[in-house]
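Written below as structure tokens is the structure these notes are about.
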Amino acid sequence: MIDVTDQITSVRRRAGRRPFKAAEARYVTIGRVFDVPLDDLWNACTSPERLPQWFLPLTGDLRVGGQYQLEGHAGGTVDRCDPPERLLATWEYEGDISWIELRLSPEGEGRTYFELEHLFDTGDEKWAEYGPGAVGVGWDMALVGLTLHLATGESVDGEQAMAWFGSTEGLSFITASGESWYTANVDSGEDPAVARAAADRNAAAYTGAGQA
């Protein structure tokens with residue numbers, strides 16, 4: 001489906017804390033360069049017609065103050081929208097509220113740097129238990145879909161993608177992603193033992209590794 005090593009190494013991952021909305025938030029940031037123009041990447045990430053081709057069906061309004069909903073997943077309110085470079089919105093799922101910020105920037109002729117940041121309250125329980133990989137691995141998986149869509153111009157078959165993630169190769173991708181987020185966590189200043197325990201719990205949640 002995709003070259004695991006290339007996909008893992010082409011993505012930049014960061015985790016840590018930063019000021020946000022007059023307070024402090026934890027964040028995970030995932031980014032990579034795509035060989036497509038800025039406007040095309042913005043369209044792929046925000047268009048109700050194209051988003052389902054690699055992620056999930058979208059309904060709602062992506063203008064400031066508008067509400068959006070991803071089918072079967074998160075929804076929220078758009079706080080800021082500056083096409084084709086920035087989108088900030090709440091990410092509301094299963095009673096929890098966090099934020100996502102999409103940032104796009106030109107990276108030479110015909111190339112664009114994609115960066116998505118997911119921000120959480122510093123007291124977030126899932127982060128404490130699973131570390132940044134709790135959402136970071138999921139965004140890595142989503143980025144596989146975006147990579148395939150941009151490379152081929154075609155829709156990604158959701159059932160085929162999920163079957164791949166459950167395969168030996170797909171599980172190796174999920175494991176490598178989790179280890180990359182462990183490294184990002186340690187690089188942020190987290191105690192390595194705490195980061196290791198969280199990463200192991202996260203790996204078990206995603207792959208079943210270590211479960212009876």
Side-chain angles (χ1 to χ4, degrees), residues 2 4-21 23-32 55-56 70 72-76 87-103 113-147 161-162 164-212:
I2 201 165
V4 170
T5 300
D6 179 69
Q7 185 69 13
I8 291 294
T9 58
S10 65
V11 172
R12 182 182 181 188
R13 302 167 186 84
R14 301 194 309 275
R17 297 170 181 254
R18 76 166 177 87
F20 181 69
K21 290 186 177 292
E24 185 180 55
R26 291 185 180 271
Y27 69 85
V28 298
T29 306
I30 186 167
R32 68 162 293 174
F55 192 40
L56 292 168
L70 291 164
H73 208 281
L87 177 74
L88 174 66
T90 62
W91 184 265
E92 303 173 29
Y93 184 60
E94 294 185 340
D96 295 327
I97 300 178
S98 52
W99 295 263
I100 55 168
E101 183 170 7
L102 173 68
R103 298 186 290 261
Y113 187 70
F114 167 101
E115 187 170 71
L116 185 124
E117 190 164 71
H118 199 154
L119 299 115
F120 305 84
D121 184 274
T122 53
D124 185 81
E125 294 181 359
K126 290 181 181 178
W127 184 296
E129 185 170 2
Y130 299 111
V135 297
V137 172
W139 286 119
D140 259 315
M141 294 167 72
L143 217 56
V144 169
L146 179 58
T147 301
M162 293 310 298
W164 182 81
F165 283 122
S167 70
T168 300
E169 188 177 28
L171 289 173
S172 73
F173 171 82
I174 291 172
T175 299
S177 167
E179 287 302 298
S180 296
W181 287 109
Y182 160 76
T183 299
N185 201 12
V186 173
D187 288 347
S188 76
E190 181 63 89
D191 178 88
V194 172
R196 180 73 271 161
D200 289 346
R201 287 190 292 268
N202 193 57
Y206 270 100
T207 69
Q211 296 181 353

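Between the side chain of Arg13 and the backbone N or O of Val11 there is at least one donor-acceptor pair closer than 3.5 Å.
With a 6.0 Å radius and a threshold of 12 heavy atoms from other residues, nucleotides or ligands, Arg12 has its CZ atom at or below the threshold. For Glu129, the CD atom is densely surrounded, since the number of other residues' heavy atoms within 6.0 Å is greater than 12.
No side-chain donor from either of Ser188 and Glu190 sits under 3.5 Å from a side-chain acceptor of the other. Judged by distance alone, the side chains of Trp181 and Asn202 never bring a donor and an acceptor atom under 3.5 Å apart.
Separation of atoms CH2 (Trp164) and CG (Leu171) is listed at 9.0 Å; rounding is to 0.5 Å. One distance of note links CH2 of Trp99 with CG of Leu88; it measures 9.5 Å at 0.5 Å rounding. Atom CD of Glu92 sits about 4.5 Å away from atom CD1 of Ile97, to the nearest 0.5 Å. Annotation: the span from Ile30 atom CD1 to His118 atom NE2 amounts to 12.5 Å, rounded to 0.5 Å. The line from CZ of Arg196 to CZ of Arg201 is 11.0 Å long, rounded to the nearest 0.5 Å. Distance check: Phe173 CZ to Thr5 OG1 gives 11.0 Å after rounding to the nearest 0.5 Å.
Contact of the Gln7 side chain with the Leu143 side chain is registered, since non-hydrogen atoms from C-beta on lie closer than 4.5 Å. Side-chain contact between Thr147 and Arg32: present, with at least one pair of heavy atoms (C-beta onward) separated by less than 4.5 Å. At least one side-chain heavy atom of Leu119 sits less than 4.5 Å from a side-chain heavy atom of Arg18. For the pair Ser177 and Ile8, the minimum side-chain heavy-atom distance is below 4.5 Å. In this structure, Ile100 and Trp139 have side chains that are in contact, with non-hydrogen atoms separated by less than 4.5 Å. The shortest distance between side-chain heavy atoms of Phe20 and Glu117 does not fall below 4.5 Å.
Residues Asp124 and Trp127 share a closest heavy-atom pair of OD2-N, 2.8 Å. The nearest pair of heavy atoms linking Val28 to Pro132 is CG1-CB, 3.4 Å. Across all non-hydrogen atoms, the minimal contact from Pro192 to Val186 is CA-CG2, 4.1 Å. When all heavy atoms of Tyr206 and Gly133 are compared, the closest pair comes out as CE1-O, 3.7 Å. Scanning all heavy atoms of the two residues, the minimum distance from His73 to Leu56 falls at CB-CD1, 3.6 Å. Considering every non-hydrogen atom in both Ala205 and Tyr130, the closest pair reads CB-CE2, 4.3 Å.
Residues that satisfy the side chain to side chain donor-acceptor pair (under 3.5 Å) test with Trp91, not counting sequence neighbours, are absent from this structure.
The side-chain tip of Arg14 does not point at the ring of Tyr27 from less than 6.0 angstrom away and within 45° of straight on.
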